[in-house]
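Some notes on the structure that comes next.
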Amino acid sequence: MIKAGLSVLLVLVVMSSTFGKYIPKSGKRIPQTLSRGWGDQLIWAQTYEEALYWARSRNKPLMVLFHLENCPHSNELRKVLSEDNGIQRTLDEDFVVLNLMYETTDKHLSPDGQYVPRIIFVDPAMTVRADIVGRYSNRMYAYEPADIKLLKSNMEKAKKLLKSEL
């Protein structure tokens, strides 16, 4: 009786862990320190230059996340974004991803100032998509946890622009 109960419990634990986080088609990956908690199963570019190279060679849009480790707004967005399996799947399959805790020398990545969290899309032709914005007029590329639907929509827009413009 106890063995049967333990067996059922073990099966339930295994099943519940399977339905938890996003797992890529190629199988579970070893978490990267470059993810910084934004998506451990994603392959993250190390530098902006590497991300641009990957975007161009793979013909995928680049999504750049600017954040700070001790920023409460960044941490709230990180939690929501990393737990959304739909976003994680889309990022894994359709985007090159880079998260930065510092500003780059490319001023095109801060068209309306340097603030965090900020998400900028760059197409494979290395054009910063200044037309893909969030909901704020004073921080055009800022997203909050409540803006996840808008972020998903903007990700789809970045993919559609890629197909229609290239």
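Sequential numbering from 1 along the given sequence is applied to the chain's residues.
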Determine whether Leu150 and Phe95 fall in the same hydrophobic cluster, where Ile, Leu, Val, Met, Phe, Trp and Tyr are linked whenever their side-chain heavy atoms lie under 4.5 Å apart.
yes
Is the shortest distance from a Lys or Arg side-chain nitrogen in Lys152 or Asp84 to a carboxylate oxygen in the other one below 4.0 Å?
yes
Residue set satisfying salt bridge (Lys or Arg N to Asp or Glu O under 4.0 Å) with Glu76, at least two apart, ordered chain then number -> none
Distance to the ring centre below 6.0 angstrom and angle to the axis at most 45 degrees; does that hold for Arg58 and Trp54?
yes
Between Val122 and Thr127, is any pair of side-chain heavy atoms under 4.5 Å apart?
no
Which pair of non-hydrogen atoms, one from Val128 and one from His108, has the smallest distance, and what is that distance?
CG1-O, 3.4 Å
Between Lys60 and Asp94 (salt bridge meaning N to carboxylate O under 4.0 Å), is one present in this structure?
no
Would you name the heavy atoms of Tyr115 and Arg139 that are closest together and state the gap between them?
OH-C, 3.3 Å
Compute both the distance and the angle, then confirm whether Arg118 meets the cation-pi test with Phe66: under 6.0 Å from the six-membered ring centre, within 45 degrees of the axis.
yes
Please assess Val96 against Met63 for the test side-chain contact (heavy atoms from CB on, under 4.5 Å), listing each intermediate value before the final yes or no.
CA-CA 6 Å; Val96 171; Met63 187 171 96; over 6 Å; no
Dump the intermediate steps for side-chain contact (heavy atoms from CB on, under 4.5 Å) on Lys157 and Lys160, then the final yes or no.
CA-CA 5 Å; Lys157 191 183 296 183; Lys160 284 179 186 166; 5.7 Å; no
So do Tyr48 and Leu62 actually touch side chain to side chain, heavy atoms under 4.5 Å?
yes
Heavy-atom pair of closest approach, residues Tyr141 and Pro111
CE1-CG, 3.3 Å
Tell me, with the steps shown, if Met155 and Ile132 meet side-chain contact (heavy atoms from CB on, under 4.5 Å).
CA-CA 9 Å; Met155 290 168 66; Ile132 302 177; over 6 Å; no
Please check if the side chain of Gln114 supplies one atom and the backbone of Tyr102 the other of a donor-acceptor pair under 3.5 Å.
no
